[in-house]
Amino acid sequence: MNKVLENIISRRSIRNFRDEQISEEELNTILLAGSYAPNGMGMQSWRFTAVQNSEAIGKVNEAIRQTLLSVPVIAETHPYIVSLIEKAKDENANFLYYAPTFIIVSNLKNNGNAMPDSALAIGNMMLAAHSLGIGSCWVNQLPGLTHMPFIRELLTELDIPQDHIVYGSIVLGYPAGEPKSADPRKDVIHIIR
Ligand SMILES: Cc1cc2nc3c(=O)[nH]c(=O)nc-3n(C[C@H](O)[C@H](O)[C@H](O)COP(=O)(O)O)c2cc1C
């Protein structure tokens, strides 16, 4: 199997990180890989905001926590959201796995390709990270809360344009320990000849 395929197949989501920051060169390479993802009509309308300042990451985490606490729980609230709200009640709750680097991928609200464009860029970044020995995990709280006023204020502080929303975000860092092996693949491949 060639190295690209091996890299794709061996990547796993990493949720435990060493404290040490990834290097500037590694970060730049990962962001560059994101920027070369295919994107609808070649618009490149995304923005990759990399946050490495631990205070700023703490602020993002606290904004997620506070915003979750403001979400009303009703009968229809999805059990996963209920579990996040429960977690948010702990003032030390960390939604970003204590990772040293956090990347927010935002894109135009009104670009119909923004979600697939952003997801492809994130996929590129996760694979690039893995090829450099850096672990990553998609964390979905921020995208889900992107319309909430407190989160919008935070995005403005991070220079994320007003006409953007968050489509995805990832944590990155050197892995601490081995991840569990991949789940067996489901029967999803269907070839018609
Ligand atoms: C759209 C999306 C949202 C995800 N959200 C989260 C999340 O909020 N927290 C988390 O720990 N993992 C999250 N993940 C990671 C998945 O749980 C993980 O990719 C999946 O279990 C397969 O494991 P693997 O990445 O190790 O192959 C997300 C992945 C995707 C693609």
Side-chain angles (χ1 to χ4, degrees), residues 1 3-18 30 33-34 37-40 46-49 51 57-58 60-69 71 73 77-90 92-107 111-148 151 154-155 164-189:
M1 194 180 288
K3 287 200 154 111
V4 172
L5 292 171
E6 258 175 34
N7 190 59
I8 290 172
I9 288 170
S10 61
R11 181 213 53 81
R12 295 275 71 77
S13 291
I14 301 297
R15 298 180 178 87
N16 286 303
F17 298 97
R18 290 177 13 216
I30 291 165
N39 55 101
W46 46 38
R47 185 177 177 108
F48 311 136
T49 303
V51 187
I57 294 182
V60 172
N61 186 64
E62 186 56 16
I64 292 172
R65 193 178 81 81
Q66 290 296 342
T67 307
L68 280 167
L69 288 176
V71 174
V73 177
T77 308
H78 192 280
Y80 177 63
I81 303 294
V82 176
S83 75
L84 288 177
I85 295 168
E86 274 308 307
K87 179 174 171 176
K89 289 179 184 164
D90 174 356
N92 296 314
N94 192 295
F95 294 92
L96 306 176
Y97 299 121
Y98 301 98
T101 295
F102 179 55
I103 298 178
I104 299 170
V105 176
S106 65
N107 208 331
N111 173 355
N113 290 322
M115 183 67 226
D117 287 357
S118 301
L120 281 166
I122 290 177
N124 269 17
M125 290 193 272
M126 295 175 96
L127 289 172
H130 179 52
S131 77
L132 298 169
I134 293 167
S136 67
C137 187
W138 185 308
V139 283
N140 226 19
Q141 286 77 39
L142 198 54
L145 302 171
T146 187
H147 297 286
M148 307 286 276
I151 295 290
L154 172 83
L155 301 181
H164 273 208
I165 56 172
V166 179
Y167 288 91
S169 63
I170 52 172
V171 288
L172 290 169
Y174 298 123
E178 287 295 310
K180 68 178 182 73
S181 51
D183 290 341
R185 295 299 91 183
K186 292 188 177 170
D187 183 18
V188 294
I189 298 172

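Bear in mind the structure is a predicted one, so any value in this text is a computation, not a measurement. Every number for a ligand or one of its atoms is a count from 1 in the order of the listing.
Defined by atom type and a distance below 3.5 Å, a donor-acceptor pair is missing between the side-chain atoms of H130 and S136.
Taking all atoms of both residues into account, the shortest heavy-atom contact from E6 to M1 is OE2-O, 3.4 Å.
Under the side chain to side chain donor-acceptor pair (under 3.5 Å) criterion, N61 pairs with no residue at all, not counting sequence neighbours. Every residue two or more places apart in sequence or in another chain was checked for a salt bridge (Lys or Arg N to Asp or Glu O under 4.0 Å) with K186, and none qualifies. Partners of S13 by side chain to side chain donor-acceptor pair (under 3.5 Å), not counting sequence neighbours: none found.
Contact shell of ligand 1 (protein heavy atoms, cutoff 4.0 Å): R11, R12, S13, R15, Y80, Y97, C137, W138, V139, N140, Q141.
Classification of the W46-F48 ring pair by plane angle, with boundaries at 30° and 60°, yields tilted.
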